[in-house]
Amino acid sequence: MAAAGAPDGVEEPGMDTEAEAVAAEASARPLSCVEAEAAAGAAAAAAEDSCEARGRLQPAPAQPPGDPAAQASVSNGEDAGGGAGRELVDLKIIWNKTKHDVKVPLDSTGSELKQKIHSITGLPPAMQKVMYKGLVPEDKTLREIKVTSGAKIMVVGSTINDVLAVNTPKDAAQQDAKAEENKKEPLCRQKQHRKVLDKGKPEDVMPSVKGAQERLPTVPLSGMYNKSGGKVRLTFKLEQDQLWIGTKERTEKLPMGSIKNVVSEPIEGHEDYHMMAFQLGPTEASYYWVYWVPTQYVDAIKDTVLGKWQYF
């Protein structure tokens with residue numbers, strides 16, 4: 001027991017000695033039942049007082065890891081990895097008949113998407129033609145061109161080795177053809193084209209925007225003439241990498257890789273429209289001519305069919 005005059009929380013020096021004396025006396029002589037019970041009670045009380053006093057002097061135990069107070073001291077910073085707060089979008093990258101499922105930030109630009117595609121396919125960005133409802137602009141974000149989760153991104157392009165092995169002879173032939181064209185009079189003055197242009201502008205021709213460049217529309221380009229003076233429409237099937245040339249009689253489905261060149265020229269007196277040809281073979285006889293193409297779509301057609309990575 002604690003002495004009456006001992007301060008709270010301080011162990012009295014004789015507590016342990018008293019307990020030991022009672023135990024020694026009990027072992028020295030036989031005790032009656034009453035004495036034994038009293039001795040055991042005294043020893044237990046002394047031990048309890050001793051433990052209680054020691055417990056008051058010991059520091060409080062640390063709070064367990066799950067204690068709310070302990071958790072309150074943990075920083076509420078972003079998750080490790082630095083990606084917290086960036087909205088991701090699931091995309092299917094399709095190149096060379098292979099699909100790749102990737103997650104990219106929705107605020108990535110077209111240029112950054114090309115770098116991601118490079119890391120997946122090994123196809124250099126300069127060799128890529130990336131399409132989502134038309135050619136993906138390099139300076140706009142996926143959010144700006146309204147890419148949604150699960151969208152299919154078509155990639156067309158060849159490695160540098162493939163380009164050098166296959167296209168070098170074609171490049172030389174195209175450069176020669178282009179030089180030859182420059183020596184001639186304007187296309188729109190040539191007899192073979194005048195017989196079509198002299199019919200005048202088609203009544204259902206699509207509106208043009210002079211001096212503008214726009215992405216391909218989601219609908220076919222229509223209201224144009226072919227070299228026979230018949231109506232023709234162009235449909236760009238990006239997911240199949242095909243150009244469909246449709247007339248009243250039939251629809252030609254051309255793989256874009258089979259089109260060797262695209263030439264165009266403004267129509268004199270109607271510079272907001274072009275005449276355009278798709279080269280399907282090695283000579284000019286293979287040109288498929290289309291007249292009254294709105295000028296704002298001319299560059300988008302060339303980029304979509306040939307790709308920016310072409311060397312001509």
Side-chain angles (χ1 to χ4, degrees), residues 83 86-167 170-171 174 212-221 234-245 253-262 264 276 278 293-294 296-312:
R86 299 196 72 185
E87 184 178 355
L88 301 179
V89 63
D90 294 308
L91 301 179
K92 291 187 180 296
I93 305 296
I94 303 174
W95 175 68
N96 201 19
K97 299 181 180 180
T98 303
K99 294 182 180 180
H100 304 273
D101 294 322
V102 300
K103 289 180 180 288
V104 297
L106 191 55
D107 291 313
S108 298
T109 62
S111 178
E112 291 170 337
L113 179 59
K114 283 189 172 185
Q115 292 294 339
K116 181 68 174 179
I117 294 172
H118 179 212
S119 68
I120 296 171
T121 64
L123 186 64
M127 299 292 187
Q128 296 176 23
K129 182 166 62 175
V130 182
M131 290 170 288
Y132 174 74
K133 297 180 180 179
L135 204 66
V136 174
E138 293 192 358
D139 58 344
K140 292 187 179 296
T141 66
L142 303 184
R143 188 189 301 276
E144 289 175 317
I145 63 175
K146 303 186 186 308
V147 173
T148 58
S149 188
K152 294 181 180 180
I153 305 296
M154 305 298 300
V155 181
V156 179
S158 302
T159 63
I160 186 65
N161 291 335
D162 292 338
V163 172
L164 293 177
V166 177
N167 288 345
K170 183 177 71 174
D171 291 343
Q174 288 166 351
Q213 294 184 6
E214 297 183 9
R215 299 172 60 190
L216 292 177
T218 56
V219 298
L221 293 176
L234 302 178
T235 305
F236 296 87
K237 292 290 185 178
L238 302 181
E239 67 278 4
Q240 301 175 35
D241 197 30
Q242 292 180 346
L243 168 61
W244 290 11
I245 302 178
K253 300 180 180 180
L254 305 175
M256 291 190 192
S258 69
I259 301 174
K260 296 175 173 55
N261 198 9
V262 179
S264 70
M276 176 176 286
F278 302 96
V293 179
Q296 69 267 27
Y297 299 128
V298 170
D299 287 342
I301 292 173
K302 291 181 179 180
D303 288 343
T304 300
V305 173
L306 301 176
K308 290 185 176 181
W309 51 268
Q310 296 285 341
Y311 296 105
F312 49 85

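Quick note: numbers below take in every heavy atom, side chains included, and nothing from hydrogens, waters or symmetry partners. Computed from a predicted model, the values in this text were never measured in an experiment.
- Between the CZ atom in F278 and the CG atom in L254 there is a gap of 9.0 Å [rounded to 0.5 Å].
- Under the side chain to side chain donor-acceptor pair (under 3.5 Å) criterion, N96 pairs with no residue, sequence neighbours left out.
- Between L106 and T141, the closest side-chain pair of non-hydrogen atoms is not below 4.5 Å.
- Of all heavy-atom pairs between P137 and I145, the closest is CD-CG2, 4.1 Å.
- The side-chain contact (heavy atoms from CB on, under 4.5 Å) check on M131 picks up K129, L135, M154, V156, L238, T304, with sequence neighbours excluded.
- Scanning both residues, V102 and I120, for their nearest heavy atoms gives CG1-CD1, 3.1 Å.
- Proximity of V89 to V104: side-chain heavy atoms (C-beta onward) are separated by under 4.5 Å at one or more points.
- Atom OG of S108 sits about 14.5 Å away from atom NZ of K114, to the nearest 0.5 Å.
- Nearest approach of E144 to D139, heavy atoms of both residues: OE1-O, 4.4 Å.
- Evaluation of the side-chain contact (heavy atoms from CB on, under 4.5 Å) rule for T121 yields W95, H100, I117, L123 as partners, not counting sequence neighbours.
- Take S264 and apply the side-chain contact (heavy atoms from CB on, under 4.5 Å) test, not counting sequence neighbours, and it matches H274, M276, V298, K302.
- For K103, the salt bridge (Lys or Arg N to Asp or Glu O under 4.0 Å) partners are D90, not counting sequence neighbours.
- A search for side-chain contact (heavy atoms from CB on, under 4.5 Å) contacts involving P217 returns V219, L221, Y297, not counting sequence neighbours.
- Listed here is the closest heavy atom pair of K146 and Y132: O-OH, 3.4 Å.
- Considering only residues two or more places apart in sequence or on other chains, D107 meets the salt bridge (Lys or Arg N to Asp or Glu O under 4.0 Å) condition with R143.
- In this structure, E112 has no side chain to side chain donor-acceptor pair (under 3.5 Å) partners at least two apart in sequence or on a different chain.
- Of the inter-residue distances, the one linking L306 atom CG with K260 atom NZ reads 11.5 Å to the nearest 0.5 angstrom.
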>> Could you go through L243 and T235, starting from their C-alpha distance and side-chain angles, then the distance that decides it, and tell me whether this counts as side-chain contact (heavy atoms from CB on, under 4.5 Å)?
In response: CA-CA 6 Å; L243 168 61; T235 305; over 6 Å; no

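- Between Q242 and M256 the shortest heavy-atom distance is O-CE, 3.2 Å.
- In this structure K92 satisfies the salt bridge (Lys or Arg N to Asp or Glu O under 4.0 Å) test together with D101, sequence neighbours excluded.
- Contacts of Q115 classified as side chain to side chain donor-acceptor pair (under 3.5 Å), with partners at least two apart in sequence or in another chain: none.
- Here the shortest heavy-atom pairing between S119 and K116 reads OG-O, 2.6 Å.
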